[in-house]
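So the structure is just underneath, and the comments pick up after that.
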Amino acid sequence: MYPFSFTKVAGTREALDAGRRGGRYIAGGTTLVDLMRETVERPERLVDIGALPLREVTVTARGGLRIGALVRMAEAAAHPKVRIAYPVISQALELSASAQLRNMATIGGNIMQRTRCTYFRDVTAACNKREPGSGCAALQGYNRTHAILGTSDRCVATHPSDVAVAFAALEASVHLLGPDGERSVPFADFLLQPGDTPNREQALRPGELITAVEIPPHPRPLKSGYLKVRDRQSYEFALTSAAVALHIHGGVIRQAKIAVGGVGTVPWRLPAVERQLIGRRPSDVLWAEAADQAAQGTRPLQHNRFKVELLKRTVERQLRIVGGTK
């Protein structure tokens, strides 16, 4: 057993003081507690931030949406402002984990969760993410569920969050509060590709606290949705997934936002696919040809080559659904 201290805080200043002293923030605990049980993580100080006033979903002055970091996944999925404006977020949340976990886990914790790579969670296996410089057992191991986009020779683990894929597609930003004040980071820059430092997973500074995720305003009407392909229908992480948001006006696609999950070390935007769609009528789009662009830059391994074709089919299917031509 590894000893640790536990502190509950009532305000953000108290939380930041504890974080500055090396405390690890915990809210729902649905990921961190598991990692502590498996001795993957051994924090010396836990700081319970569950009482902080970060539980609101609000419409911003510009017409976007701000989701507090401590809003539960189930609450965000059911919130009428989310369901009406951005169904892709609700769908991604409802396809995540189990009902019990969604009732506990928070939005901030969800995007901070660590990979489900079996080698990362096996403390006897080599893992550069868990122990820098030790190697990556997945490269020559059984890598069926691993990434084919954004990989390096140090790490091929996927990011497990579903809602993070929706946030990436919608070009969200993450609001942070730290010892040096407030700042906002584009979601595309918040989660880091492994490169040479797979142990550094987010663009967080020491002691910083996530306060909210903000979705910018998008032109209306906006049709969006999330499709997840997995080995079983209940409580399973994605083999591939696709978040699609299309602004169709006058019968023409004016804006396309597409991101995929289950295949990248981070949620992966597909600008090449987006470019294939803009300015065209949905009825004129050859969806399969557009989806073929999703395979650009893929680097499959021995056991996950099937993901290349599965990725293209998943993107094509979701484009057809959201584009109204299924």
Side-chain angles (χ1 to χ4, degrees), residues 88 92 115 117 136 138-139 143-162 164-172 186-196 198 201 224-230 237-248 253-282 284-323 325-326:
V88 63
T115 182
C117 171
C136 176
L139 285 170
N143 42 48
R144 177 177 179 272
T145 61
H146 288 73
I148 58 175
L149 288 164
T151 61
S152 74
D153 59 0
R154 304 289 180 90
C155 182
V156 293
T158 57
H159 192 276
S161 171
D162 289 296
V165 182
F167 289 155
L170 294 171
E171 298 178 329
F187 202 83
D189 299 327
F190 179 72
L191 297 175
L192 305 179
Q193 295 181 43
D196 293 331
E201 299 175 359
S224 69
Y226 185 73
L227 178 64
K228 181 176 182 177
V229 178
R230 46 190 169 173
F237 296 95
L239 290 173
T240 66
S241 67
V244 173
L246 301 178
H247 169 49
I248 304 174
I253 300 171
R254 308 291 182 179
Q255 185 183 89
K257 305 294 181 184
I258 306 165
V260 291
V263 290
T265 53
V266 295
W268 203 263
R269 280 289 298 274
L270 298 177
V273 180
E274 296 169 356
R275 289 192 294 269
Q276 292 287 315
L277 305 178
I278 295 174
R280 303 174 66 181
R281 294 182 178 275
D284 295 336
V285 175
L286 299 176
W287 299 111
E289 288 187 9
D292 280 345
Q293 304 299 314
Q296 287 188 1
T298 52
R299 297 174 59 189
L301 299 165
Q302 179 180 358
H303 302 112
N304 66 7
R305 297 182 188 281
F306 73 97
K307 279 193 173 187
V308 177
E309 185 61 30
L310 185 61
L311 168 62
K312 292 189 289 186
R313 293 187 182 188
T314 303
V315 172
E316 178 190 355
R317 177 61 177 163
Q318 189 60 358
L319 286 175
R320 289 182 180 275
I321 292 172
V322 178
T325 60
K326 63 178 179 178

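Each residue takes its place number in the sequence, starting with 1.
At least one donor-acceptor pair closer than 3.5 Å links the side chain of Ser152 to the backbone N or O of Arg154. The main-chain N or O of His146 is never found under 3.5 Å from a side-chain atom of Thr158 such that the two would form a donor-acceptor pair. Under a 3.5 Å cut-off, the side chain of Asn143 and the backbone N or O of Leu301 do not form any donor-acceptor pair. Without hydrogens or angle criteria, Thr298 side chain to Ala295 main chain gives a donor-acceptor distance under 3.5 Å. Within the 3.5 Å criterion, the main-chain N or O of Thr145 finds a donor-acceptor partner in the side chain of Lys307. With hydrogens and angles ignored, the 3.5 Å screen pairs a side-chain donor or acceptor of Arg299 with a backbone N or O of Thr151. Under the 3.5 Å distance criterion, the side-chain polar atoms of Thr115 are matched with a main-chain donor or acceptor of Cys117.
How far CD of Glu316 is from CD1 of Ile321: 10.5 Å, rounded to the nearest 0.5 Å. Put simply, CZ on Phe190 and CG on Leu192 are 8.5 Å apart, with the number rounded to the nearest 0.5 Å. To the nearest 0.5 Å, atom CZ of residue Arg254 and atom CG of residue Leu246 are 13.0 Å apart. Of the inter-residue distances, the one linking Gln276 atom CD with Leu270 atom CG reads 11.5 Å to the nearest 0.5 angstrom. The distance from the CG atom of Leu191 to the CZ atom of Phe167 is 11.0 Å, given to the nearest 0.5 Å. Taking CZ of Arg144 as the reference point, atom NE2 of His303 lies at 11.0 Å (rounded to 0.5 Å).
Put simply, the side chain of Pro282 reaches to within 4.5 Å of the side chain of Ile253, judged on heavy atoms. Side-chain contact between Val260 and Leu311: present, with at least one pair of heavy atoms (C-beta onward) separated by less than 4.5 Å. Inter-residue side-chain proximity for Lys228 and Asp162 is flagged as met; some heavy-atom pair is nearer than 4.5 Å. Proximity of Ser241 to Tyr226: side-chain heavy atoms (C-beta onward) are separated by under 4.5 Å at one or more points. Two residues are said to be in side-chain contact when any heavy atoms from C-beta on lie closer than 4.5 Å; Val322 and Ser224 fail this criterion. Counting only heavy atoms from C-beta outward, the side chains of Trp268 and His159 never approach each other to under 4.5 Å. Annotation: side chain of Val156 is not in contact with side chain of Thr265 (no heavy-atom distance under 4.5 Å).
With salt bridges taken as basic N to acidic carboxylate O contacts below 4.0 Å, one links Lys312 and Glu309.
Taking both residues in full, the closest heavy atoms of Leu319 and Leu277 are given as CD2-CD1, 3.6 Å, listed atom of the first, atom of the second, then distance. For Ala92 against Ala166, the heavy-atom pair with the smallest separation is CB-CB, 4.3 Å. The two residues Val244 and Ile258 make their nearest non-hydrogen contact at CG2-CG2, 4.1 Å. Closest of all the heavy-atom pairs between Ala256 and Ile278 is N-CG1, 4.1 Å. The two residues Ala243 and Val88 come nearest to each other via the heavy atoms CB-CG2, 3.7 Å. Here the closest heavy-atom approach between residue Cys136 and residue Cys155 is recorded as SG-CA, 4.2 Å.
Listed by chain and residue number, Glu171, Glu274 satisfy the salt bridge (Lys or Arg N to Asp or Glu O under 4.0 Å) test with Arg269 (two or more places apart in sequence, or in another chain). In terms of the side chain to side chain contact (heavy atoms under 4.5 Å, CB included) criterion, residue partners of Leu227 (sequence neighbours excluded) are, by chain and number, Thr314, Arg317, Gln318.
Within a 6.0 Å radius of CZ in Arg280, more than 12 heavy atoms belonging to other residues, nucleotides or ligands are found.
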